[in-house]
Asker: 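This is the structure, below, for whatever I ask next.
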Amino acid sequence: MTEHVEHEAAAATDRGSYDFEAIQAKWRPVWDKLDPFKARDDGSAERRYALTMYPYPSGDLHMGHGEVFALHDVLARFWFQQGYDVLNPVGWDSFGLPAENAAIRRNEHPATYTYANIETQANSIRRYAISFDWSRRLHTSDPDYYRWTQWLFLRFYERGLAYRKASYVNWCPNDQTVLANEQVVQGACERCGAAVTKRELTQWYFKITEYAQRLLDDMDALEGRWPDDILLMQRNWIGRSEGAFVDFEVDGQPEPIKVFTTRPDTLFGSTFMVVAPDSRLADVLCAPAQREEFAAYLDRVKGETDVDRLSTEREKTGVFLGVHATNPANGERIQVWAADYVLADYGTGAIMAVPGQDHRDWEFAEKFALPIVRTVEPEEGFEGDAYVGPGPAINSANDEVSLNGLEVEAAKSTIIEWLVGKGLGERTINFRLRDWLLSRQRFWGCPIPIIHCASCGEVPVPDDQLPVELPDLRGADLAPKGVSPLAAATDWVNVDCPKCGGAATRDTDTMDTFVDSSWYFLRYLSPDYDKGPFDPEAANRWMPAYHYVGGKEHAVLHLLYARFFVKVLHDLGMLDATEPFARLLNQGQVINQGKSMSKSLGNGVDLGEQLDNFGIDAVRVTMVFAGPPSDDIDWADMTPGGSLRFLQRAWRLSGEVSSPAGGDPSSGDVSLRKATHKTVHEATALIESYRFNVMVARIMELVNATRKAVDSGCGPADPAVREAVETVAILLSLVAPYTAEDMWANLGHEPTVAKAGWPAVDEALLVEDSVTAVVQVAGKVRDRLDVSPGISESELEQLALASATVQRALDGRGVRTVIVRAPKLVNIVPA
RNA sequence: GCCAGAGUGGUGGAACGGCAGACACGCCGGCUUUAGGUGCCGGUGCCCCCUGGGCGUGAGGGUUCGAGUCCCUCCUCUGGCACCA
């Protein structure tokens, strides 16, 4: 490194200008022709199913798509480079409310609007150069697709997993449709934000609760492969709790009333009982004298939105039902109340209230002057109302059993044993998860393939009559009215009963779009299969998907539903897999100035504009380089211009290489070769651990090192320079496919760099000649030594002690201990 | 309220318990210039008595030869759940 060779001539002639528009225009048609990303599915290599959440066709692609596709493509292209048989499909989630609402506003048919958007997005995705296999493209609103959604519904129906029931359901007054529990966020409609109210309606449900335990158990295998927070959110949502059913005799009732409790140990402290006002039970129990008051209360409860109900500081309300129950443990007569803090659809819709040990019950007891008894001794110094902590039971004994002195867990076991012996209760498990309400009163969705017949009841549409196609309501008024717009299509609604041939009507509801998305990843595997929703053999070759990339907003919606579907399909014998997605990555959001982009804030950033200004590769590099994939990207802090400059620096190198293609790099400059091989080695590990931003930094470092080698080192003719630049092109192909392809061509290669193969690492080149050993005195760095990586501990210790700066820092003090971590560190502890 | 996760330069972010701030952006200085969103070189955590030294990863404590990293308490922020008995 003593000589500084200048290569100004080469620099002056070869530094052309980097024109991203020309490069994009040059390579897009070449790739379209080569179609390099088609899954082979021929057993020639290990299969890897790289899945990304399919887009919803609202307008053109936005910044969020730009991010999720860029991140997903790093992984997919990495696996292509490594030689896997990668399946990377794309499709559209093309049914749904937003398209319908937009179509109504524009006075168009939802199909017109939807399919136009799909074309726009498809063109944008092609331009964005994601490594998709386009031959498997699907749209969930195609009759060829939803035919099989209906077919699956019927299989669920046959198994009793799809059923209809009447209950109070979430109703969005704005969208004029029911919502699943999962679609209500803090009392508001997840889509439009309107306050959700309750309506009593007969609706279709999937019995996902039957799979609650399996949905919980199978998460153990996803540990470490799915983000921890998603697993936690799903566990919380499923909400398993262990407890007991306890029977309470109620005056005038032939059968006892069952309550669910997680604290059976506090039974002696149950001083009243509460039932949900909107449950059948409340109606049955209510005494005639209280009927009027109860009816008024029920009306009031029904009129309240969830937003009102959930408002903090809300006072407890309720009415006495005029009847008494008997506490089975101590024989006390206790009042039975109806109050809306008890939910009709959790447990049995009735609780034993224990104000001494439950905050809600305490509050209610205080407000209505009901008795309070403590049954757990509070800790020393406890001041407050209900005590929910640990402690020995008190006031809890009858002639047959005493819990007094027992800690909570022992008391639970003891009382349950007693209850079971008396036939008054049993140990049980309850889940927070509710059945999935799937019917919607809107037009643009998959029709429910059921016919209602006055004499036969619910009759499934025979498989050979599928699909039940949506009627062409072109020109009709699709505006929401509270009943499905399909009801207006009388020609379509009125049919002959498939069973008895009599007059019957079609079900006019459509399915939640989450039904469509619960199995789309299976349709990709055999998109033209016509004997079922998917070819079981193809499915078993590819499932479970190796990797899934998508947004966190689907943590408990889509991901839970898809897991449920796959388990049911497994039980139906159609699929070996029991889980759909073996690995999951949640990307963060693209925000602007600290806030998520929205029309109302006017802070939206247009993806197309960014692409026009900086080029596709620079925008993709910016997305990937911004930070860890799961962090949000604040676009206001991003500098795509910097990414563009980096790409230009990398690209320019490809025009300066002056050694011939196909040469042997082994005679090349060793230090540059080491940098190259180290970069590949590190990049591989970084991709596998999702640290894509650091991988880009490593590529930048290699570009910088190569620049130096060309300008003032070994010069452009050294084969190590060619090796380095070819490596940069291949690594860069994961993030900046256009630039990488053009570099590859400049280097004298045929397209496509995307299939060039991941560079092999020469282990011998990973060994450093010398490393810097840090010498600390009392933990502070005092000197640095260049040593051989193989240096022995004693040798390093001697060198460290001999250092002048170390001796100065010791300042005459003796040495107590020396910690040596050869070859990197010595820490000398003075006496 | 409950449950998670996170706090590092002017900014985005790096850092197997072992050199804090890699790589960028921005800024400063210089060189080029076929001139001005795009080249090249150098500098850039803070402070001081500046060939050196001190301080520094939200605050405080602890473990350790050694802590951004592990443990405890607190503060702040983000996300999830929110009367689930």
Side-chain angles (χ1 to χ4, degrees), chain A residues 11 15 17-20 185-187 227-237 239 241 243 259-263 266 270 274 306 309-310 312 314 316 339-343 345-354 357-361 363-364 430-434 552 555-556 613-614 618 621-622 625-628 630-649 652 691 693-701 703-704 707 711-712 772-784 805 808 816-821 824-830:
Chain A
R15 282 176 196 177
S17 67
Y18 171 83
D19 180 347
F20 64 77
V185 179
Q186 302 194 339
D228 290 343
D229 55 343
I230 300 297
L231 292 174
L232 184 72
M233 280 161 73
Q234 290 219 357
R235 287 200 173 97
N236 290 342
W237 192 263
S241 56
V259 304
F260 173 72
T261 177
T262 55
R263 292 296 302 275
T266 65
S270 178
V274 187
D306 275 11
R309 280 194 64 173
L310 298 176
T312 48
R314 182 170 181 270
K316 290 269 182 293
D340 67 356
Y341 81 94
V342 172
L343 307 174
D345 54 357
Y346 183 76
T348 61
I351 63 156
M352 58 179 234
V354 187
Q357 267 71 232
D358 184 285
H359 294 291
R360 301 154 298 183
D361 297 343
E363 210 186 309
F364 193 82
N430 221 323
F431 293 94
R432 219 190 73 127
L433 183 70
R434 309 296 153 85
K552 211 174 173 174
V556 288
N613 288 344
F614 302 103
V621 166
T622 305
F625 185 58
S630 49
D631 286 7
D632 287 349
I633 298 174
D634 193 331
W635 201 252
D637 295 329
M638 291 302 120
T639 50
S643 305
L644 181 59
R645 285 200 297 273
F646 158 63
L647 289 172
Q648 180 175 228
R649 281 198 295 274
R652 215 171 43 227
R691 281 144 63 205
N693 56 325
V694 184
M695 174 201 62
V696 173
R698 295 290 172 266
I699 303 174
M700 288 172 170
E701 286 174 304
V703 167
N704 293 343
R707 175 84 265 148
D711 288 349
S712 55
T772 304
V774 172
V775 185
Q776 301 177 327
V777 175
K780 290 195 158 85
V781 180
R782 296 297 172 178
D783 201 3
R784 293 179 172 83
T805 50
R808 182 146 33 91
R816 195 173 64 188
T817 333
V818 181
I819 313 283
V820 186
R821 294 284 178 273
K824 301 194 70 168
L825 178 128
V826 180
N827 187 13
I828 298 162
V829 187

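Within every chain, numbering begins at 1; the chains are lettered A, B, ... in the order of the sequence lines, protein sequences first and strands thereafter.
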Asker: For residues 630-639 of chain A, which residue pairs pass the side chain to side chain donor-acceptor pair (under 3.5 Å) check, not counting sequence neighbours?
Answerer: Q610(A)-W635(A)
Asker: How far apart are the C-alpha atoms of M695(A) and N693(A), what are their side-chain angles, what is the distance that settles it, and do they pass the side chain to side chain contact (heavy atoms under 4.5 Å, CB included) test?
Answerer: CA-CA 5 Å; M695(A) 174 201 62; N693(A) 56 325; over 6 Å; no
Asker: Which atoms of nucleotides 63-70 of chain B (N or O only) lie under 3.5 Å from a protein N or O atom, and what are those distances?
Answerer:
| from | atom 1 | to | atom 2 | distance (Å) |
| --- | --- | --- | --- | --- |
| C65(B) | O2' | N827(A) | ND2 | 3.4 |
| C65(B) | O2 | N827(A) | ND2 | 2.6 |

Asker: Between the protein and nucleotides 11-13 of chain B, are there any N/O to N/O pairs under 3.5 Å, and if so, what are the atom names and distances?
Answerer:
| from | atom 1 | to | atom 2 | distance (Å) |
| --- | --- | --- | --- | --- |
| G12(B) | O2' | A626(A) | O | 2.7 |
| G13(B) | O3' | N693(A) | ND2 | 3.3 |

Asker: Grab the NE2-P distance between H359(A) and C2(B) for me, whole Å please.
Answerer: 9 Å
Asker: When you measure from the side-chain N and O atoms of R645(A) to the phosphate of A24(B), is any distance below 4.0 Å, counting only OP1 and OP2?
Answerer: no
Asker: Looking across every strand, which nucleic acid part, if any, lies under 4.0 Å from R235(A) by heavy atom: base, sugar-phosphate, or nothing?
Answerer: nothing
Asker: For R649(A), check salt bridge (Lys or Arg N to Asp or Glu O under 4.0 Å) against everything at least two apart and list the hits.
Answerer: none
Asker: When you measure from the side chain of D361(A) to the backbone of V354(A), do you find a donor-acceptor pair of N or O atoms at a distance under 3.5 Å?
Answerer: yes
Asker: Taking ring pair (Phe, Tyr, Trp, His ring centres under 6.0 Å) as the test, write out the residues that go with F364(A), two or more places apart.
Answerer: F272(A), W337(A), Y341(A), F368(A)
Asker: Measure from the side-chain heavy atoms of E701(A) and tell me the nearest of A24(B), A22(B), C25(B).
Answerer: A22(B)
Asker: Could I get the full list of side chain to side chain donor-acceptor pair (under 3.5 Å) partners for R434(A), not counting sequence neighbours?
Answerer: D345(A)
Asker: Assign G9(B) to syn or anti; the rule is syn for a glycosidic angle within 90° of 0 and anti otherwise.
Answerer: syn
Asker: Suppose we screen for side chain to side chain donor-acceptor pair (under 3.5 Å). Which residues come up paired with D783(A), at least two apart in sequence or across chains?
Answerer: S803(A), T805(A)
Asker: For A85(B) and Y341(A) - does any side-chain N or O of the residue sit under 4.0 Å from the phosphate oxygens OP1/OP2?
Answerer: no
Asker: Name all residues meeting the side chain to side chain donor-acceptor pair (under 3.5 Å) criterion together with N236(A); count only those two or more places apart in sequence or in a different chain, and write none if there are none.
Answerer: none
Asker: Where do N or O atoms of nucleotides 79-81 of chain B meet protein N or O atoms at under 3.5 Å, pair by pair?
Answerer:
| from | atom 1 | to | atom 2 | distance (Å) |
| --- | --- | --- | --- | --- |
| C81(B) | O3' | R432(A) | NH1 | 3.4 |
| C81(B) | O2' | R432(A) | NH1 | 3.4 |

Asker: Would C50(B) be called syn or anti, given that syn covers angles within 90° of 0?
Answerer: syn
Asker: Pairing donors with acceptors under 3.5 angstrom, does anything connect the side chains of S241(A) and T262(A)?
Answerer: no
Asker: Measure from the side chain of A697(A), starting at C-beta and using heavy atoms only, and say which of C23(B), A15(B), A85(B) lies closest.
Answerer: C23(B)
Asker: For the pair made of CG in D345(A) and P in C83(B), what is the distance, rounded to whole Å?
Answerer: 12 Å
Asker: Check nucleotides 46-50 of chain B against the protein and report each pair of N or O atoms closer than 3.5 Å, with its distance, or say if there are none.
Answerer:
none

Asker: What nucleic acid atoms does K316(A) come within less than 4.0 Å of, heavy atoms only: base, sugar-phosphate, or nothing?
Answerer: base
Asker: Which residues satisfy the side chain to side chain donor-acceptor pair (under 3.5 Å) test with E363(A), sequence neighbours excluded?
Answerer: none
Asker: Which atoms form the tightest heavy-atom contact between N430(A) and G347(A), and what is the distance?
Answerer: ND2-CA, 3.2 Å
Asker: With a 4.0 Å cut-off on heavy atoms, is D228(A) in touch with a base, just the backbone sugar-phosphate, or nothing at all?
Answerer: nothing
Asker: Looking at the side chain of R698(A), which of G54(B), C19(B), A22(B) is the nearest nucleotide?
Answerer: A22(B)
Asker: Could you spell out the base pairing of RNA chain B in dot-bracket, with Watson-Crick or G-U pairs whose two distances are under 3.5 Å, [ ] crossing and | to another strand?
Answerer: (((((((..(((.....[....)))((((((.......))))))((((...))))..(((((..]....))))))))))))....
Asker: Any side-chain N or O of S241(A) less than 4.0 Å from the OP1 or OP2 oxygen of A85(B)?
Answerer: yes
